J.: 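For reference, the structure I am asking about is given below.
Below, chains carry the letters A, B, ... as their sequence lines are ordered, and counting in each starts from 1. What you see below is based on every heavy atom in this structure, not just the backbone, and it leaves out hydrogens, waters and symmetry mates. Being a predicted model, the structure only gives us computed values, none of them experimental.
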Amino acid sequence: MPVARPDDSNDLTHEPAPGGLAARARAGVTPAASYLQGLNPEQREAVETTDGPVLVLAGAGTGKTRVLTTRIAHLIATGKAYPSQILSVTFTNKAAREMKERVTRLVGDVAEGMPWLGTFHSISAKILRRHAELVGLKSDFTILDMDDQIRLLKQVIQAADLDEKRWPARMLASFIDGWKNRGLTPDAIPAGEAGVFGNGQGGKLYLAYQQRLKTLNACDFGDLLVHCLTLWKGHPDILAQYQERFRYMLVDEYQDTNVAQYLWLRLLAQGRRNLACVGDDDQSIYGWRGAEVDNILRFEHDFPGAKVVRLERNYRSTGHILKAASHLIAKNEGRLGKTLRTDDEAGEKVIIAGAWDSQEEARAIGDDIELFQSRGAALAQMAVLVRTSAQMREIEERFIAMGLPYRVIGGPRFYERAEIRDAMAYLRCVHSQSDDLAFERILNVPKRGLGDATLQQLHLQARATGASLQQSAAILIETEEFKPKVRSTVRALVQAFGRWRLKLEHARPAEVAEIVLEESGYTDMWQTDRSADAAGRLENLKELVRSIDEFPDLPGFLEHVSLVMDTVSDDSVSRVSLMTLHAAKGLEFDMVFLPGWEEGLFPSQRSLDESGRAGLEEERRLAHVGITRARRHAKIMFASNRRIHGMWQSSMPSRFIDELPESAVEVAEAASNFAQGGYGASRFDRQPSFTSTYATPGWQRAQAAKAAGPQAGAQAGRWGGDSGGFGSRGSSGPRHASRLIEGELVAKSSGPASEFGVGARVFHIKFGPGDVFAVDGNKLTVDFDKAGRKMVLDAFVQRGA
DNA sequence: TCCTAGCGCTTTTTT
DNA sequence: AGCGCTAGGA
């Protein structure tokens with residue numbers, strides 16, 4: 001394929017690039033191309049195979065981002081493309097930001113001019129603003145967030161005379177999102193699916209929703225992509241422009257693309273065919289929101305002649321951690337197959353530890369962290385990764401009780417907070433008289449006596465005249481429609497918006513925002529609020545006003561907020577990170593705690609129920625992601641009892657624990673009882689003994705410990721010394737039991753039959769007395785007198801009366 | 001129009 | 001268990 005030169009005169013869409021930048025970039029590059037140095041052969045191949053379709057299969061920790069950024073630098077430095085001719089797509093704003101920074105570091109300011117580096121959604125929005133009228137929008141269309149979307153859908157459902165209780169808007173939203181993820185417009189839904197919701201009206205409601213969006217001059221996130229598809233399919237000339245412009249295309253996290261994104265890419269790539277996708281099928285964890293692992297599995301089929309480069313050399317983790325992760329993920333069937341390897345030392349084994357219940361688990365984590373911290377480890381290098389956010393509470397409580405600094409990553413986002421959304425709604429109303437959803441939101445916030453009745457009148461007027469709510473308000477205050485009191489309130493509001501809009505022409509947006517919040521009584525509302533978080537909310541509002549100053553104008557700010565929902569957090573204090581496994585993708589830590597590896601929780605029962613084998617494989621990938629976040633130390637934990645929705649449930653260790661390779665893991669013994677066995681607070685207990693003093697595998701030791709009684713395993717290497725000690729020291733029952741289990745569960749969780757037979761009378765520490773209903777290895781199904789039928793490990797019950 | 005009691009739901013989450 | 005929503009009453 002001929003190499004496209006940036007100055008090709010047949011490039012009709014060529015934009016005059018900033019003069020001399022490419023030349024400058026090129027000049028800074030020695031023939032040896034310094035940026036290529038330090039790349040391993042595979043990475044280098046991934047960078048230098050510039051033309052034609054390329055799939056880079058980049059396992060965890062193999063330098064994926066480095067390849068992507070170097071590739072961009074390479075394209076620019078060799079003059080193959082101007083920055084403005086490279087399309088680089090990421091999934092998150094964070095990833096986009098990071099990539100921009102790293103490219104800048106490589107090639108200098110040139111990268112700042114990379115206008116087409118961003119998320120699928122931000123790039124789509126940019127394209128749509130230029131051609132909005134071709135898809136039935138105006139160029140200043142608003143982008144609705146989920147909250148707006150739900151409220152709009154509620155209206156649609158109401159209008160269709162459906163019971164909101166029976167047909168929740170959220171459910172419809174997920175159907176519509178599902179369709180949009182597949183690039184389906186209302187007319188394209190498969191016949192069988194159109195009847196999914198609201199007595200067979202799903203398809204109709206989708207259409208009604210799209211029509212409402214059009215009247216509102218708005219679109220939701222999914223539309224950004226779907227409208228682009230519509231645009232390009234309906235206007236080949238415009239598609240051709242973009243195909244011409246994007247000489248090179250790069251996609252990060254390709255395994256996370258959905259069908260719509262795939263179609264989007266394929267349309268563009270039909271031009272130059274220079275599409276490089278980077279991804280890892282083993283890290284595909286977003287199937288539940290429409291990601292198609294198939295996209296990456298079928299890449300070679302979809303883009304014939306594609307070159308596939310595998311990055312398998314891992315620079316992050318030690319040998320045992322990698323081995324554990326690889327062995328686990330090898331159980332998945334649908335994968336392209338990669339084996340991570342490292343030149344690093346074998347390092348510490350992955351530690352597996354059981355706890356009686358989730359509280360003890362949290363306690364053990366806290367104690368481990370404290371111990372390591374006392375030995376000089378930085379809190380910022382430790383992370384606790386959980387399956388569900390509900391698990392976080394107990395851990396947080398423990399950290400708070402201990403005074404351990406921590407940070408939750410991926411919690412409720414700044415722009416999702418109610419006070420921020422209210423403030424944003426005010427600004428949107430100032431910006432646009434036709435933003436009905438925003439107007440509806442603030443009509444009676446703060447309370448000003450304009451309720452449902454008033455809103456109905458406005459809606460009626462709006463529907464009759466085709467005006468927006470704000471315009472309708474302006475009309476109605478000139479009539480006798482409203483009661484006097486309402487009329488004067490509405491008039492005041494309408495006049496206020498007029499005033500604020502006028503201010504916008506002279507004052508800085510941030511100043512206007514401040515005035516708006518002040519004069520509308522919104523700030524007052526929180527000042528008089530006596531609830532605990534009112535002060536924090538006022539703080540957030542100040543922060544919001546401050547951040548407006550970073551943008552040239554109000555529209556710019558509004559666009560930013562609708563597309564970029566995250567804010568940068570402060571990194572000044574070293575803290576332990578607490579997050580879900582999903583949020584952890586792309587991050588790494590020296591030490592990683594993985595609690596809650598229990599059947600039902602992880603793998604999540606719901607995943608299994610809803611998606612069967614595919615669900616299980618996705619959960620397994622999630623486990624793989626979790627383990628591979630660790631550089632040097634990983635500890636997997638499970639609790640035998642956990643409160644779920646307020647009910648205590650006993651649980652079995654996760655099947656994933658059984659799937660770990662024996663040679664790379666080590667089973668920790670329960671600690672507390674040993675302290676009384678003569679070893680006391682020995683130096684063994686004090687050491688965070690990642691370095692086992694024993695060469696024998698964990699199971700053997702655990703087995704031996706079981707056979708020889710409590711003392712035998714007392715000095716075994718494990719995390720945390722006397723961790724988990726207080727609080728459960730007195731209750732030797734569970735402690736004793738859990739020690740036995742830990743030895744057994746990994747080695748033979750489906751092993752020899754229990755000592756209890758069917759019908760035996762047993763006693764369980766938490767559930768009380770019961771009768772054994774069934775026996776499966778060491779797992780008993782017991783009908784408890786009070787707690788009902790539960791599955792428990794035999795070691796947790798004693799022979800009952 | 002506002003307040004409150006009761007009901008139901010409960011993964012993961014980005015844009 | 002806890003939260004958010006809804007409906008119904010004041």
J.: For A:Leu224 and B:dT15, give me the distance from atom CG to atom P, rounded to whole Å.
T.: 13 Å
J.: Please collect all salt bridge (Lys or Arg N to Asp or Glu O under 4.0 Å) contacts where either partner lies in residues 114-124 of chain A, sequence neighbours excluded, each pair once.
T.: none
J.: For A:Arg387, which residues count as a salt bridge (Lys or Arg N to Asp or Glu O under 4.0 Å) partner, sequence neighbours excluded?
T.: A:Glu619
J.: Have a look at A:Arg621 and say if it touches a base, only the backbone sugar-phosphate, or nothing, with a 4.0 Å heavy-atom cut-off.
T.: nothing
J.: Is A:Asn93 close enough to B:dT14 that one of its side-chain N or O atoms is under 4.0 Å from OP1 or OP2 there?
T.: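 So the side chain of A:Asn93 is outside the cut-off, no N or O lying under 4.0 Å from OP1 or OP2 of B:dT14.
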J.: Considering only residues two or more places apart or on different chains, which pairs with a residue in residues 448-457 of chain A satisfy salt bridge (Lys or Arg N to Asp or Glu O under 4.0 Å)?
T.: none
J.: Just jot down the ring-ring contact (aromatic ring centres under 6.0 Å, His included) partners of A:Phe557, sequence neighbours excluded, or say none.
T.: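 For A:Phe557, the residues satisfying ring-ring contact (aromatic ring centres under 6.0 Å, His included) (neighbours in sequence not counted) are A:Phe551.
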J.: Which residues satisfy the salt bridge (Lys or Arg N to Asp or Glu O under 4.0 Å) test with A:Glu419, sequence neighbours excluded?
T.: A:Arg537
J.: Give a yes or no on whether the ring-centroid distance for A:Trp597 and A:Phe602 is below 6.0 angstrom.
T.: yes
J.: Contact boundaries of DNA chain C with chain A (under 4.0 Å, heavy atoms), 5' to 3'?
T.: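 Here the contact window of chain A covers C:dA1 to C:dT6.
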J.: Does A:Thr454 reach a base, just sugar-phosphate, or nothing at all? Heavy atoms under 4.0 Å.
T.: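 Counting heavy atoms under 4.0 Å across all strands, the contact made by A:Thr454 is with sugar-phosphate only.
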J.: Using the test side-chain contact (heavy atoms from CB on, under 4.5 Å), find all partners of A:Leu263 that sit at least two apart in sequence or belong to another chain.
T.: A:Leu229, A:Val259, A:Arg266
J.: Taking any heavy-atom pair under 4.0 Å as a contact, classify A:Asp452: base, sugar-phosphate, or nothing.
T.: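 A:Asp452: backbone/sugar contact only, no base atoms under 4.0 Å.
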J.: Tabulated below should be each protein N or O lying under 3.5 Å from an N or O of nucleotides 6-13 of chain B; please produce it.
T.:
from   : atom 1 : to       : atom 2 : distance (Å)
B:dT11 : OP2    : A:Arg606 : NH1    : 3.0
B:dT11 : O2     : A:Arg387 : NH2    : 2.9
B:dT11 : O4     : A:Arg606 : NE     : 3.3
B:dT11 : O4     : A:Glu610 : OE1    : 3.2
B:dT12 : OP1    : A:Ser389 : N      : 2.5
B:dT12 : OP1    : A:Ser389 : OG     : 2.1
B:dT12 : O4'    : A:Arg387 : NH1    : 3.1
B:dT12 : O2     : A:Trp288 : NE1    : 3.3
B:dT12 : O2     : A:Arg387 : NH2    : 3.0
B:dT13 : OP1    : A:Thr580 : OG1    : 2.2

J.: Can you name the residues that form a salt bridge (Lys or Arg N to Asp or Glu O under 4.0 Å) with A:Arg170, not counting sequence neighbours?
T.: none
J.: Please report, rounded to the nearest Å, how far the P atom of B:dT14 is from the CD1 atom of A:Ile143.
T.: 17 Å
J.: Is any side-chain nitrogen or oxygen of A:Asn444 closer than 4.0 Å to OP1 or OP2 of B:dC2?
T.: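 It does, given that an N or O in the side chain of A:Asn444 lies less than 4.0 Å from OP1 or OP2 of B:dC2.
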J.: With a 6.0 Å cut-off on the ring centroids, do A:His131 and A:Tyr242 count as close?
T.: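 Yes: the rings meet the under 6.0 Å criterion.
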J.: Hey, does A:Asp256 reach any base, or is it just sugar-phosphate, or nothing, if we go heavy atoms under 4.0 Å?
T.: nothing
